[in-house]
Amino acid sequence: MAFVVVLVVAVVVVVLVLRAAEKGGPGRVRAPRPQRAVRPIAPDDDPEFLRELERRTRRDDGSPA
């Protein structure tokens, strides 16, 4: 029975040590993750694409679309 208690305590200690190491410890400050640039998913979501499309349309037939 004592072996089971020692085993459970050892597992708990190992889990706590791993969690502390994952967080970087009490005195360490982690740098924030860089944010990814938000890009349009489709061409019709991209305002620059829509401006270019309208500019090409005006240039091709001379009248607004």
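Quick caveat, the model's predicted, so the values are computed rather than measured.
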Partner set under side chain to side chain contact (heavy atoms under 4.5 Å, CB included) for Val17, not counting sequence neighbours: Val13

Side-chain ion pair, Arg51 and Glu48, N-O less than 4.0 Å: yes

Identified side-chain contact (heavy atoms from CB on, under 4.5 Å) partner of Val14 from the options Leu18, Val12, Leu16: Leu18

Residue from Glu52, Glu54, Arg58 passing side-chain contact (heavy atoms from CB on, under 4.5 Å) with Arg56: Glu52

